[in-house]
Enquirer: 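This is the structure I want to talk about, given as structure tokens.
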Amino acid sequence: MTAVPVVPRHRAATARPGAQTLRRLLRQPAFLIGAVITFVFVLVAVAAPLLAPHDPADPLLLDQVRAQSNPVPLPQAGFPLGGDPAGRDLLSRLIGGARQTLIVGVMATLGGFAGGIALGLLAGVFGGKVDMLVMRVVDVMLAIPSLLMAFSIAALFAHPNEWTLILTIAIVQIPVFARLMRGSMLVQRGTDHVLAARALGVRPAAIVVRHMAPNALGPVIVQATLSLAVSILDAAALSFLGLGNPDDGLPEWGQMLGGAQQYFNSFPHLAIYPALCIIVVALGFTLMGESLRETLDPRTRR
């Protein structure tokens, strides 16, 4: 009678590292809170035209606006949060602002991600003078506070709009991704599978594309989650100062916050609502990113 081999339990536990990572994440309250916030935000942003009770650009309450007695329509039937100084529904503008915030945050992060990956690959693959040149440029960019650099770049555009806002934030994000990608590539250069591929005569380009780059992308992707929160905050700051999209027909939370300053003493809710939206969404992405980093990095894993 042939004995049936017994598979050790630890082999089953290590067979699916992705499932293990997911289980560790689901045991973290911070990740669950961040995931719920992010899911609700994305859902609202994607379905904004269906969820908004009114057109965010339609001044339905304009007849109630009075320059002296009642410059801001108060909450009423059909308008649970009231209106803004232009007579537009405040709730609809907050919902519409979620879509603009998502577009700017994701596009800016993707731009910074792509630029940083390109520079990090150049520095990590070629090394030598190329590495030194790329990293000196990155060091100069990192030496300038990110928000100050964003202000400086945005001020260069004579006619700011949504795309100049995205470009500005993407440029600010590039050095963070570049340094992280370069460090990951340097780590991959000394791994056993890369050394084995070189010994077998695999072409350098194939080693980079098949062995080094895919394994180096993990920490950079985790950083992208954290950078989304930074992009949202930077976009709000630039729009608050008038360096974002000047078209208020497309509501954006930072722009709404800036326009509410002159009414803050009498109608603080005009600033409180968009400020809370910015804070909560940035917190959601930050909680998710920090949880991912702690779970995937064995040095910080609890």
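Atom set for the values below is all heavy atoms of this structure, side chains included, hydrogens, waters and symmetry mates excluded. Note that the structure is a prediction, hence the values are computed from the model and not measured. In what follows, residues are counted from 1 in the order of the sequence shown.
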Enquirer: Mind checking the CG-CD1 spacing from L102 to I232? Nearest 0.5 Å is all I need.
Expert: 7.5 Å

Enquirer: Keeping the roles fixed (side chain from Q28, backbone from A30), state whether a donor-acceptor pair exists under 3.5 Å.
Expert: no

Enquirer: Would you compute the distance between atom CD1 of I37 and atom OG1 of T286 and round it to the nearest 0.5 angstrom?
Expert: 9.5 Å

Enquirer: Would you say the side-chain atoms of T109 and S227 include a donor-acceptor pair closer than 3.5 Å?
Expert: no

Enquirer: How long is the span from the CG atom in L142 to the CD1 atom in I174, to the nearest 0.5 Å?
Expert: 11.5 Å

Enquirer: Counting only N and O atoms by type, is there a donor-acceptor contact under 3.5 Å from the side chain of R182 to the main-chain atoms of G120?
Expert: no

Enquirer: State whether the side chain of T38 and the backbone N or O of A35 hold a donor-acceptor pair below 3.5 Å, judged by distance alone.
Expert: no

Enquirer: State whether the side chain of H54 and the backbone N or O of P59 hold a donor-acceptor pair below 3.5 Å, judged by distance alone.
Expert: no

Enquirer: Check whether any side-chain N or O of R99 sits under 3.5 Å from a backbone N or O of V46 as a donor-acceptor pair, and report yes or no.
Expert: yes

Enquirer: Might you point out which heavy atoms bring P85 and L270 nearest each other, and give the distance in Å?
Expert: CD-CD1, 4.1 Å

Enquirer: Which value, rounded to the nearest 0.5 Å, describes the distance between F157 atom CZ and L165 atom CG?
Expert: 10.0 Å

Enquirer: Assess the side chains of Q255 and Q100: does a donor N or O sit below 3.5 Å from an acceptor N or O?
Expert: no

Enquirer: Between R88 and D58, is the closest basic N to carboxylate O distance under 4.0 Å?
Expert: no

Enquirer: Just by modelled atom types, is the L74 backbone N or O under 3.5 Å from a matching donor or acceptor in the Q76 side chain?
Expert: yes

Enquirer: Which pair of non-hydrogen atoms, one from Q223 and one from L180, has the smallest distance, and what is that distance?
Expert: CB-CD2, 3.6 Å

Enquirer: Which of these, L148, T168, T164, sits in a side-chain contact (heavy atoms from CB on, under 4.5 Å) with I153?
Expert: T168

Enquirer: Begin from the C-alpha positions of T101 and I278 and carry the test side-chain contact (heavy atoms from CB on, under 4.5 Å) through to its verdict.
Expert: CA-CA 9 Å; T101 300; I278 295 169; over 6 Å; no

Enquirer: Look at the aromatic rings of F41 and W253 and report parallel, tilted or perpendicular, splitting at 30° and 60°.
Expert: tilted

